[in-house]
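Numbered from 1 within each chain, the chains take letters A, B, ... in sequence-line order. Reckoned from all heavy atoms, side chains included, excluding hydrogens, waters and symmetry mates.
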Protein chains: 2
Amino acid sequence: MSRAKSDTKARAQAVARELFLRQGVRRTSLQDIADRLGITKPALYYHFSSREELVRSIVQPLIEDGDAFIAEAEARADDDPRVLLEGYFDFQFAHREVVALMIRELVALADLGLVAKVLDWRTRLAVLLVGEDPPLADATRATVALGGLSDCVMVFADQPVEAVRAAAVAAALDALGR
Amino acid sequence: MSRAKSDTKARAQAVARELFLRQGVRRTSLQDIADRLGITKPALYYHFSSREELVRSIVQPLIEDGDAFIAEAEARADDDPRVLLEGYFDFQFAHREVVALMIRELVALADLGLVAKVLDWRTRLAVLLVGEDPPLADATRATVALGGLSDCVMVFADQPVEAVRAAAVAAALDALGR
DNA sequence: GTCTATATGCTGATAGAC
DNA sequence: GTCTATCAGCATATAGAC
């Protein structure tokens with residue numbers, strides 16, 4: 001009875017996830033998804049009451065798991081940072097497709113070669129920091145240092161520049177293990 | 001003669017930057033920009049041959065400065081990581097508005113509360129890592145650790161999970177100064 | 001569950017007057 | 001430099017038959 005339920009719904013979500021990831025959420029129309037499924041747009045509306053509901057259905061699991069992870073971590077606020085970081089990593093890894101979807105949403109600017117540029121810069125900066133073809137350990141150090149530095153510029157935009165710069169660079173250097 | 005040139009063009013770019021930042025590039029139409037300027041759409045086409053050219057004109061300075069920065073850094077490949085990191089920070093800070101524009105492009109998903117969620121999680125994780133209202137030095141350490149960890153999940157998606165996790169967590173812990 | 005047909009609105013873009 | 005008028009295209013969404 002409950003077997004072989006609405007197969008189309010699941011297929012639609014899978015196709016949507018793929019298209020969202022490849023070409024961005026906003027520039028993926030219901031038409032694109034319907035075409036890929038070999039059905040028509042109105043058929044999609046049988047499974048999802050709106051476009052937004054379709055998007056939400058894909059993102060929902062990440063949100064729920066995230067809330068659960070944080071709640072658990074806060075409940076046992078005693079454990080060491082390592083456990084916390086590992087858990088956060090695992091959580092993100094489990095949802096890496098949707099996380100990637102978030103990041104690739106920058107695809108809107110990728111047309112301008114911006115994202116490619118920034119990734120290229122980071123790659124070359126990483127070479128300067130840890131050399132060509134570094135062992136994974138050093139490569140991740142460079143990524144943490146550069147990625148973390150970027151985040152600080154945005155996160156602490158309201159703080160005094162010099163103080164942020166000094167603190168951020170210090171943390172990045174620690175991440176590099178220098 | 002060259003004074004008081006095309007004021008409208010500069011105003012259009014300023015308005016566009018603001019709207020792009022507030023509501024994302026894709027969902028900002030020429031109509032929105034024209035309305036804000038108190039002119040009509042066709043008037044915009046006098047200053048920009050296409051929508052894409054308008055977007056590009058805003059992003060171009062970042063790209064040019066970035067290329068220049070990398071070229072210089074590579075030319076003097078001798079200096080220590082600290083100088084490099086500081087330079088990279090300064091470069092990003094000078095263009096923080098456009099950098100923010102890139103990041104806020106995630107606004108497409110912000111409607112779903114996703115970005116707010118992730119920022120909220122990070123804030124709360126930072127509390128667990130470095131406590132409530134930490135000094136700026138610790139706050140940045142947490143940001144580098146969490147931001148860098150996130151980046152690693154994506155950047156090394158093709159590498160063995162366990163190895164990436166170990167390396168990324170190690171670098172994050174160093175960034176934390178623990 | 002899926003279809004055809006259609007409503008309605010907004011998009012980027014152009015033609016041509018002033 | 002800015003306007004009015006207009007285009008074709010595509011979007012989300014709905015009505016109703018099968």
Fill in the blank from the handout: For Arg124(A), the side chain to side chain contact (heavy atoms under 4.5 Å, CB included) test, sequence neighbours excluded, returns Asp120(A), Trp121(A), Ile70(B), Glu74(B)
Handout entry: Closest to side chain of His47(B), choosing from dT2(C), dG1(D), dA13(D)
Key = dG1(D)
Exercise for the section: Starting at atom CZ of Arg26(A), determine the distance to atom P of dC10(D), rounded to an integer number of angstrom. Expected result: 17 Å
Problem - For DNA chain C, the residues among residues 11-22 of chain B that have a non-hydrogen atom under 4.0 Å from it - result: none
Exercise for the section: Go through the structure and list residues passing side chain to side chain donor-acceptor pair (under 3.5 Å) with Glu53(A), not counting sequence neighbours. Expected result: Ser49(A)
Exercise for the section: Take the protein atom CG of Leu30(B) and the nucleotide atom P of dT6(D), then report the distance between them rounded to whole Å. Expected result: 21 Å
Handout entry: Salt-bridge present (Arg36(B), Asp32(B); N to O < 4.0 Å)
Key = no
Exercise for the section: Check each residue of residues 33-46 of chain B for a non-hydrogen atom within less than 4.0 Å of any atom in DNA chain C, then write out the ones that pass by number, or none. Expected result: Lys41(B), Pro42(B), Tyr45(B)
Problem - Spacing between Asp7(A) atom CG and dT2(C) atom C1', to the nearest angstrom - result: 14 Å
Handout entry: Between dC10(C) (P) and Arg51(A) (CZ): distance, integer Å
Key = 17 Å
Exercise for the section: Measure from NZ or CZ of Arg96(A) to the centre of the six-membered ring of Phe93(A), then state whether that distance is under 6.0 Å and the direction lies within 45° of the axis. Expected result: yes
Hey, can you pull the donor-acceptor pairs under 3.5 Å for the side chains in residues 157-170 of chain A, sequence neighbours left out?
from: Arg165(A); atom 1: NH1; to: Asp90(B); atom 2: OD1; distance (Å): 3.2
from: Arg165(A); atom 1: NH1; to: Asp90(B); atom 2: OD2; distance (Å): 2.7

Handout entry: Whole-Å distance separating the CG atom of Leu54(B) from the P atom of dA13(C)
Key = 10 Å
Completion exercise
Ranking dA11(D), dA13(C), dT2(D) by distance to the side chain of Thr8(B), first place goes to dT2(D)
Problem - Atom-to-atom span, CD of Glu53(A) to C1' of dT12(D) - whole angstrom - result: 14 Å
Exercise for the section: Go through the side-chain N and O atoms of Ser29(A) and Arg51(A) and say whether any donor and acceptor fall under 3.5 Å apart. Expected result: no
Handout entry: Under the ring pair (Phe, Tyr, Trp, His ring centres under 6.0 Å) test, residues paired with His95(A) that sit two or more places apart
Key = Phe91(A)
Handout entry: Ser150(A) and Arg122(A): side chain donor to acceptor below 3.5 Å
Key = yes
Problem - Check: Val25(A) main-chain N/O paired with Glu105(A) side-chain donor or acceptor under 3.5 Å - result: yes
Exercise for the section: Send over the distance from Gln31(A) CD to dC10(C) P, rounded to a whole Å. Expected result: 20 Å
